[in-house]
Amino acid sequence: VEAVTLARAGRPSGGVTKATFDEARRGEERALVRRAQEGDMAAFEQLYRENERRVFAVCVRMSGGASLAEELTQDVFVRAWRKLSSFRGESAFSSWLYPIAVNTALSERRARVRRTSRVFATDDLTPFERAPEVKQAGPEAGFDLEAAMKDLPPGARAVFVLHDIEGYQHEEIGRMMGIAVGTSKAQLHRARALLRKSIER
Amino acid sequence: MTCENARERLDDYVDGELEASALHELELHLASCPSCREEEEVLRSLLARAAELPRTMAPGRDLWPGVAEAIREEKRSRVLGFERRRVVFAGFLAAAAALVVALGLPRPGPDPGTPPSTGSSVPALVAASPGSDLREAEADYERATKALLDTLEEQRDRIAPQTLQGVEQNLAVIDEALREVRAALHQEPGNPELTRMLAATHHKKVEVLQRVVRLSTSRL
């Protein structure tokens with residue numbers, strides 16, 4: 001509230017810059033984190049409210065389904081609560097939180113792969129390539145990227161989400177996913193090629 | 001450059017990761033190849049769409065109550081874990097007391113204080129001393145325990161087999177309690193309650209051994 005008031009007050013004269021706003025916001029966030037680290041659930045709830053939608057979006061896109069993403073989002077915040085003492089406030093809380101979201105979604109995927117690997121091979125391209133039912137009416141105009149992403153093989157989808165939507169670099173993706181930079185690039189190439197085919201259909 | 005080579009490099013091209021020479025070569029190819037140019041346009045359009053996707057989405061229900069409940073549950077299970085260790089410790093104390101009764105020994109008073117000396121050096125009860133102090137105190141207790149066990153071994157023939165079996169069983173219970181408390185301390189180093197439990201368990205072991213040794217020597 002304080003940060004918003006500062007920014008509003010500054011707007012007419014132009015005296016308060018975006019940097020001042022960010023600084024005030026960070027100060028407010030650090031205070032919330034400190035309270036949450038001391039066990040204050042109300043403070044942690046506020047941090048949750050501020051980040052829930054972004055975390056949920058990452059989980060939806062990484063997992064490919066809203067109901068699984070709801071569970072994952074809850075899991076992300078429980079994990080974040082557990083690890084809260086390790087957050088030193090050197091970066092924004094969101095920069096610390098999003099990799100936890102990505103890793104939670106990835107580890108759920110790995111667990112699912114282990115559970116289903118006895119039944120069918122994962123990262124199989126054929127389901128995607130044999131999916132004429134997702135074909136759109138017009139070429140690019142009616143193209144639904146969210147729907148097409150769901151049909152990507154999970155590894156390729158994860159890298160596409162992290163690189164082309166979330167803006168992570170291949171080095172960061174490699175660290176988070178435990179894969180080589182070259183593998184991350186290859187997965188991105190694969191995802192883009194499949195999505196391009198989908199656009200052209 | 002072939003169309004296949006060009007398409008392989010399109011990703012690096014649009015990401016601005018192509019080196020100068022490869023970049024020049026690809027741009028020459030694109031200038032003369034409408035089909036690859038179209039591929040490039042489709043790729044750029046795909047990336048533009050990805051960049052336009054909303055970065056936030058609202059879940060269909062309020063997820064906070066579930067998060068709060070899971071955290072509360074976790075806090076409760078931590079407390080229960082601590083309580084469980086207290087129960088194990090209480091079980092050990094009961095076993096040690098039963099041993100004292102079985103041997104017909106006088107019960108220790110409310111404060112065990114310093115047990116009667118058998119010539120071994122018994123360290124004082126250590127209260128909440130983490131780190132090296134605790135390790136030193138444990139080493140002291142272990143030395144005292146070993147001296148008493150050696151004495152007991154020498155007296156072995158003079159103790160009834162049934163009594164000896166009872167002593168061994170009860171020492172096993174005490175050792176199990178020591179392992180439990182040590183493992184818990186490993187999880188929560190410096191926890192004063194656990195430190196107190198560890199010191200008290202060592203103290204009890206020494207005390208029980210001293211009483212058995214005293215009993216066997218008095219019956220000589």
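Throughout, protein chains are lettered first and strands after them, A, B, ... in sequence-line order, and every chain is numbered starting at 1. These values consider heavy atoms only, across backbone and side chains, with no hydrogens, waters or symmetry-generated copies.
When side chains are defined from C-beta on, B:Leu53 counts as touching A:Met149, because their heavy atoms get closer than 4.5 Å. In this structure, A:Phe77 and B:Ile71 have side chains that are not in contact, with every pair of non-hydrogen atoms separated by 4.5 Å or more. A 4.5 Å side-chain heavy-atom check between A:Gln74 and B:Glu69 finds every atom pair outside the cut-off. For the pair B:Met57 and A:Arg53, the minimum side-chain heavy-atom distance is 4.5 Å or more. Residues B:Arg55 and A:Glu166 are in side-chain contact: their nearest non-hydrogen atoms beyond the backbone lie under 4.5 Å apart.
When each of B:Ala68, B:Gly60, B:Ala58, B:Ala70 is checked for heavy-atom pairs under 4.5 Å with chain A, B:Ala58 comes out on top. In terms of non-hydrogen atom pairs under 4.5 Å with chain B, the most contact-rich of A:Leu145, A:Val55, A:Leu188, A:Asp75 is A:Leu145.
Of all non-hydrogen atoms in A:Asp164 and B:Ala50, the two that sit nearest each other are O-CB, 3.9 Å. Listed here is the closest heavy atom pair of B:Trp64 and A:Met41: CZ2-O, 4.0 Å. Minimum interatomic distance between A:His189 and B:Arg7 (heavy atoms only, all atoms of both residues): CE1-O, 3.9 Å.
Counted within 6.0 Å of CD on B:Glu4, heavy atoms from surrounding residues, nucleotides or ligands total 12 or fewer; the atom is thus considered open.
Of the inter-residue distances, the one linking B:Glu41 atom CD with A:Ile199 atom CD1 reads 12.0 Å to the nearest 0.5 angstrom. Atom NE2 of A:His163 is separated from atom CG of B:Leu47 by 9.0 Å, given to the nearest 0.5 angstrom. One finds the CG atom of A:Leu194 at 11.0 Å from the CG atom of B:Leu46 (value rounded to the nearest 0.5 Å).
In this structure, chain B has heavy atoms under 4.5 Å from both the backbone and the side chain of A:Phe44.
A:Arg192 has a carboxylate O that lies under 4.0 Å from a charged side-chain N of B:Asp11, or vice versa, which qualifies the two as a salt bridge. With respect to the salt-bridge test (charged N to carboxylate O, under 4.0 angstrom), the residues B:Glu17 and A:Lys185 qualify. Using a 4.0 Å cut-off between charged side-chain N and carboxylate O, B:Asp62 and A:Arg49 make a salt bridge.
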